[in-house]
Amino acid sequence: MTAKIMPLAEAVARHVKDGQTVALEGFTHLIPFAAGHEVIRQARKDLTLVRMTPDIIYDQMIGMGCARALVFSWGGNPGVGSIHRFRDAIENGWPKPLAIQEHSHADMAGRYQAGASGLPFSVLRGYVGSDLPKHNPNIRSIECPFTGERLAATPAINPDVTVIHAQKADRKGNVLIHGIVGIQKEAVLAARAAIVTVEEIVDDLAAPMNACLIPHWVLSAVCHVPMGAHPSYAHGYYGRDNAFCKAWDGISKERETFLAWMQKHVMGTKDHAEFLRSAGIAMETARA
Amino acid sequence: MTAKIMPLAEAVARHVKDGQTVALEGFTHLIPFAAGHEVIRQARKDLTLVRMTPDIIYDQMIGMGCARALVFSWGGNPGVGSIHRFRDAIENGWPKPLAIQEHSHADMAGRYQAGASGLPFSVLRGYVGSDLPKHNPNIRSIECPFTGERLAATPAINPDVTVIHAQKADRKGNVLIHGIVGIQKEAVLAARAAIVTVEEIVDDLAAPMNACLIPHWVLSAVCHVPMGAHPSYAHGYYGRDNAFCKAWDGISKERETFLAWMQKHVMGTKDHAEFLRSAGIAMETARA
Amino acid sequence: MPSAAANLARLTHAPGVVLIYESGTIGAKPDVLPLSIGDGELAEHADTVVSIPEIFRYWLQGGRVDVGFLGAAQVDRFGNINTTVIGDYAHPKVRLPGAGGAPEIASNAKQTWIIIKQTKRSFVPKLDFMTSVGHLEGGDSRARSGARGAGPTAVITDLGVLTPDPVTRELTLTAIHPGITVEQAKAATGWELKVAPTLAATAPPTAAELATLRELHARTARAHGTPGATE
Amino acid sequence: MPSAAANLARLTHAPGVVLIYESGTIGAKPDVLPLSIGDGELAEHADTVVSIPEIFRYWLQGGRVDVGFLGAAQVDRFGNINTTVIGDYAHPKVRLPGAGGAPEIASNAKQTWIIIKQTKRSFVPKLDFMTSVGHLEGGDSRARSGARGAGPTAVITDLGVLTPDPVTRELTLTAIHPGITVEQAKAATGWELKVAPTLAATAPPTAAELATLRELHARTARAHGTPGATE
């Protein structure tokens with residue numbers, strides 16, 4: 001793969017297809033919202049969505065009918081409460097039934113790591129006493145060949161496409177992430193194709209020697225999307241838009257207000273810059 | 001554990017005991033030579049030495065009779081050739097027989113990682129076709145509970161003591177490593193006790209946010225030992241002493257010259273500063 | 001709430017406490033309370049920030065967490081917790097966020113403290129779903145299960161503090177907050193609550209603690225218009 | 001030698017080549033040849049430097065290495081290699097350095113190139129010890145073994161180049177260096193060497209290549225008094 005710097009709409013059109021397994025990752029920090037919106041705009045469907053922490057962006061994708069299944073470990077609006085479209089899909093099958101495959105954070109991290117490592121499975125000292133294995137046939141057990149202990153084993157995750165957001169790329173498409181780096185490197189390296197949106201494209205990343213850097217030759221597309229993580233944050237660029245996160249609770253509680261908001265601001269706009277204007281998100285307000 | 005800044009001799013006296021499993025790690029870069037010399041000075045014996053790349057420092061420890069066993073993946077003087085004391089121990093049992101447990105680099109890395117991760121074993125896609133498993137009962141196989149594939153499995157390494165060298169510590173004992181970071185973090189976190197020698201103790205590490213930093217509370221001792229990695233190197237401080245590495249080949253080829261050198265420069269000196277003077281190693285020559 | 005408690009400790013009697021958040025921040029020293037466990041505030045002053053696999057593998061599973069803080073929607077008499085669903089798993093009445101880091105915090109931290117509002121709905125005789133292990137079925141069942149650590153050593157509620165009986169491991173009311181009665185605590189518990197023969201009164205916060213906590217909340221409110229919350 | 005070859009490629013026809021050393025340097029661009037695979041020179045200009053577990057797990061085992069370079073003390077007719085012992089393992093005549101990264105490079109890189117001096121001692125009918133897999137027993141035995149990648153696609157010696165037969169996978173002399181005879185190559189091989197019906201002559205280095213290589217060695221010698229070597 002050679003990294004290609006291209007518009008986000010082109011990257012999604014080229015690399016994200018109906019029916020695929022798609023991971024949008026970012027742990028509170030650097031959540032690829034703009035990319036999620038573009039997947040919604042392009043009306044992808046039957047996706048198996050993977051994400052440790054499905055929050056607002058997955059609430060939107062699920063509510064707009066992009067997903068048939070969800071692989072996850074914690075679904076909520078951090079610090080605010082439930083995500084209503086996710087709940088409505090699971091509790092009432094609206095807009096369509098959502099199959100779920102549920103894990104713990106430690107296990108999801110291990111599954112991505114196995115995927116990035118070319119291993120078929122991951123081993124975890126976990127789920128002791130938990131009911132989760134009863135409801136997830138992908139949580140099995142394995143015996144240590146030395147001590148005889150039984151540990152949990154789960155299959156590697158290898159998404160068809162992983163999408164992340166990062167602070168910077170250089171003109172070759174090398175990507176630098178700093179701050180809370182989460183599971184992004186593993187999610188990218190586990191995937192068959194990877195799209196990265198970035199705040200800035202610079203001549204020189206000026207990366208510390210041991211920084212979290214993802215080289216261009218493992219990426220499929222790099223897209224310049226300022227504020228692409230809003231309402232999550234990009235360390236060094238802008239803070240979390242807590243007001244939006246709280247407002248989302250009200251917007252998303254009812255199907256009608258949710259659909260109206262999505263139609264107007266996501267479906268009714270052609271790209272992220274237009275979305276930000278439409279939704280009344282000032283680029284500068286959020287600057288850190 | 002609370003980090004204690006203390007002299008190296010005290011750290012070794014307090015934490016390294018006869019018969020223990022001890023890992024001195026550092027992959028070409030930051031090899032803890034001064035600490036190895038101190039273990040020799042204090043005449044530790046019956047150690048099970050663990051190290052991915054036993055090179056000159058293990059040649060010295062083996063030749064001086066500190067070890068009864070060696071767990072490793074590559075033994076040589078990088079860029080120069082054989083390590084003669086290691087060969088003499090294996091080929092001729094001098095000064096005493098050396099039991100060996102031999103792995104590959106990828107496997108040793110995984111074994112340390114399992115040790116650091118609180119797992120009893122590590123899984124590796126490796127050793128295909130190799131004779132190594134025939135000679136090492138610790139290389140077994142395990143079946144993937146999902147795909148049925150057979151992979152190699154080896155036990156976690158949890159040394160009694162790990163010793164590493166790093167560039168800097170702050171006054172609390174937080175340690176910063178940069179450059180080729182190797183297996184050091186895993187080796188420290190896998191161990192029951194850990195000693196770190198450093199080039200400098202500073203007020204503020206000025207560490208990048210995602211740097212390789214080992215917090216003081218996982219360390220047993222931090223010791224200020226300038227040039228403590230010589231003849232290996234400390235990125236940003238001094239380069240590798242290639243002349244010494246080549247000279248070692250001659251010094252170590254015969255038992256007599258080896259013993260004479262060790263007696264004079266290691267046993268005959270009280271600490272690393274005195275060793276450097278005795279061996280004619282100018283502090284400044286090596287400054288990068 | 002756990003974040004507020006831990007930071008209050010750091011700002012008062014335990015300046016050396018090391019706060020680890022599952023987002024990868026080690027030695028976090030937030031000036032204001034984070035709205036989530038992954039806020040930039042946590043990374044900003046941390047000793048180091050590591051990846052998610054590293055925080056769970058090397059630090060939690062590696063056995064380096066002394067006290068794990070857990071919240072819950074439901075807790076049972078043995079300190080087992082549910083954060084997954086109310087009702088049937090396949091057809092839930094209420095779908096809760098799920099496990100997050102809790103199952104492995106519960107089974108790998110050296111001990112856990114559960115912070116929860118005590119009501120008949122949260123203190124239930126039988127969990128709808130067991131997400132994370134406490135003392136399992138009591139006695140030595142936890143030790144036999146392969147879980148590491150001591151499990152829940154305290155359940156701290158708005159009414160008092162419950163600690164496990166040394167033998168049966170059943171949660172027992174051992175301290176009560178000023179102004180709360182044993183009857184209130186019993187009425188807020190979905191099983192027949194055991195009460196310690198000598199019941200301690202929890203010490204009220206000192207003036208210094210209260211002032212520190214109020215300043216922390218005020219700074220937090222100024223920073224993001226909220227007193228701070230966590231996952 | 002592999003390091004010199006790869007860096008020569010980078011400095012001449014393949015400026016975009018990504019050099020990965022098992023010490024964790026990705027995209028290394030050394031100005032002088034390293035004496036070892038862990039020299040600071042490699043880290044200095046690399047795109048990034050990762051830990052040893054990461055380089056082996058995510059990058060090698062993850063299937064991201066296109067060509068793995070291997071050296072050997074012994075190679076057999078199927079490109080299997082020995083870097084462990086000469087003689088019996090328990091009582092070796094010569095104890096060699098051992099496996100290092102080779103077993104997993106051999107079984108996880110998309111293909112490998114072996115660089116070795118061709119003599120009767122190094123080209124043996126039977127390895128004293130099989131450290132790293134080549135084409136195993138030939139035919140489809142490698143594919144059946146679980147090894148990934150194409151295995152050794154070229155063995156480059158001081159006499160010529162051997163490539164595996166498409167069906168039997170036996171190493172076959174397919175190119176010979178200027179001035180070397182087939183008889184010399186046969187005499188330096190411990191088995192009956194197969195020779196391709198149409199034997200190519202390896203192209204001599206161009207003047208530009210030679211000049212670049214000589215400058216590289218001169219810079220290296222000035223930097224650390226040696227032309228550079230590797231593990």
Side-chain angles (χ1 to χ4, degrees), chain A residues 26-29 52-53 72-76 78-83 86-87 89-91 102-110 112-113 116 124-132 134-135 149-151 178-186 212 232-236 239-240 242-243 245-246 288, chain C residues 22-25 34-40 42-44 49-53 55-57 60-61 80 82-85 89-108 127 129-134 136 141-142 145-148 224-226 228-231:
Chain A
F27 198 91
T28 309
H29 182 210
M52 291 181 66
T53 53
F72 77 110
S73 42
W74 189 89
V80 179
S82 287
I83 40 175
F86 156 87
R87 282 186 54 180
I90 294 176
E91 295 170 12
E102 194 168 354
H103 295 266
S104 66
H105 279 352
D107 188 19
M108 286 291 285
Y112 275 121
Q113 236 187 346
L124 179 74
R125 191 183 282 284
Y127 294 120
V128 178
S130 175
D131 285 339
L132 281 164
K134 294 180 196 161
H135 297 277
E149 282 172 279
R150 290 212 77 88
L151 296 132
H178 84 277
I180 290 177
V181 296
I183 192 72
Q184 281 95 311
K185 192 184 233 185
E186 289 76 13
C212 181
S232 95
Y233 72 103
H235 208 124
R240 199 160 179 269
N242 292 321
C245 295
K246 281 176 216 161
Chain C
E22 64 195 33
S23 56
T25 58
L35 182 70
S36 85
I37 52 153
D39 278 19
L42 298 172
E44 199 61 47
V49 182
V50 302
S51 73
I52 295 279
I55 202 77
F56 280 105
R57 301 234 143 196
L60 177 61
Q61 192 176 265
N80 302 300
N82 173 17
T83 56
T84 303
V85 286
Y89 184 78
H91 305 284
K93 208 155 69 178
V94 183
R95 175 64 226 197
L96 302 167
E104 285 74 33
I105 294 172
S107 66
N108 287 292
L127 300 177
F129 188 98
M130 172 126 145
T131 312
S132 304
V133 71
L136 213 53
S141 60
R142 178 189 167 96
S145 74
R148 300 188 298 177
H224 44 63
T226 164
T230 50
E231 184 194 272

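Model, not experiment: these values are computed from the prediction. Values below: every heavy atom of this structure, side chains too, minus hydrogens, waters and symmetry copies. Naming convention: chains lettered A, B, ... in sequence-line order (proteins, then strands); numbering from 1 in each chain.
Interface residue Arg148(C): only side-chain heavy atoms are found under 4.5 Å from chain A. Looking at Asp39(C), both its backbone and its side chain come within 4.5 Å of chain A, counting heavy atoms on both sides. Using a 4.5 Å cut-off between heavy atoms, Val85(C) makes no contact with chain A at all. Proximity to chain C is absent for every atom of Leu151(A), based on heavy atoms less than 4.5 angstrom apart. For chain A, the nearby part of Thr25(C) is the side chain; its heavy atoms alone come within less than 4.5 Å. Neither the backbone nor the side chain of Tyr112(A) comes within less than 4.5 Å of any heavy atom of chain C. With a threshold of 4.5 angstrom between heavy atoms, Met108(A) does not approach chain C through any atom at all. For Ser107(C), the part lying under 4.5 angstrom from a heavy atom of chain A is the side chain only. Of the atoms belonging to His103(A), it is backbone heavy atoms, and not side-chain ones, that fall under 4.5 Å from chain C.
The two atoms that bring Leu132(A) and Ala99(C) nearest to each other are CD1-CB, 3.8 Å, heavy atoms only. The two residues Ser145(C) and Leu136(C) make their nearest non-hydrogen contact at CB-CD2, 3.7 Å. Shown here for Val133(C) and Ala106(C), the closest heavy-atom pair between the two residues is O-CB, 3.3 Å. Taking all atoms of both residues into account, the shortest heavy-atom contact from Arg57(C) to Gln61(C) is O-CB, 3.5 Å. Closest approach of Pro78(A) and Arg240(A) over heavy atoms only: O-NH2, 3.4 Å. Residues Pro92(C) and Glu91(A) share a closest heavy-atom pair of O-CG, 3.9 Å.
The shortest side-chain heavy-atom distance between His105(A) and Thr53(A) falls under the 4.5 Å cut-off. Proximity of Leu127(C) to Asn80(C): side-chain heavy atoms (C-beta onward) are separated by under 4.5 Å at one or more points. Looking at Pro53(C) and Glu186(A), their side chains come closer than 4.5 Å, going by heavy atoms from C-beta outward.
Note: Ile52(C) leads Ile52(C), Ile55(C), Asn108(C) in heavy-atom pairs under 4.5 Å with chain A. Looking only at heavy-atom pairs under 4.5 Å with chain A, the residue among Gly134(C), Ala43(C), Ser23(C) that has the most is Ser23(C). Among Gly40(C), Gly24(C), Gly98(C), Pro103(C), the residue making the largest number of heavy-atom pairs under 4.5 Å with chain A is Gly40(C). In terms of heavy-atom pairs under 4.5 Å with chain A, the best-connected choice from Val94(C), Thr84(C), Val50(C), Leu60(C) is Val94(C). When each of His178(A), Gln113(A), Arg125(A) is checked for heavy-atom pairs under 4.5 Å with chain C, Arg125(A) comes out on top. Listed options Gly126(A), Ala106(A), Gly129(A) were ranked by heavy-atom pairs under 4.5 angstrom with chain C; first place goes to Ala106(A). Contact count against chain C (heavy-atom pairs under 4.5 Å) is highest for Gly182(A) among Cys212(A), Gly76(A), Gly182(A).
In this structure, Tyr233(A) and His29(A) have parallel ring planes: the angle between them is below the 30° cut-off, well short of the 60° mark.
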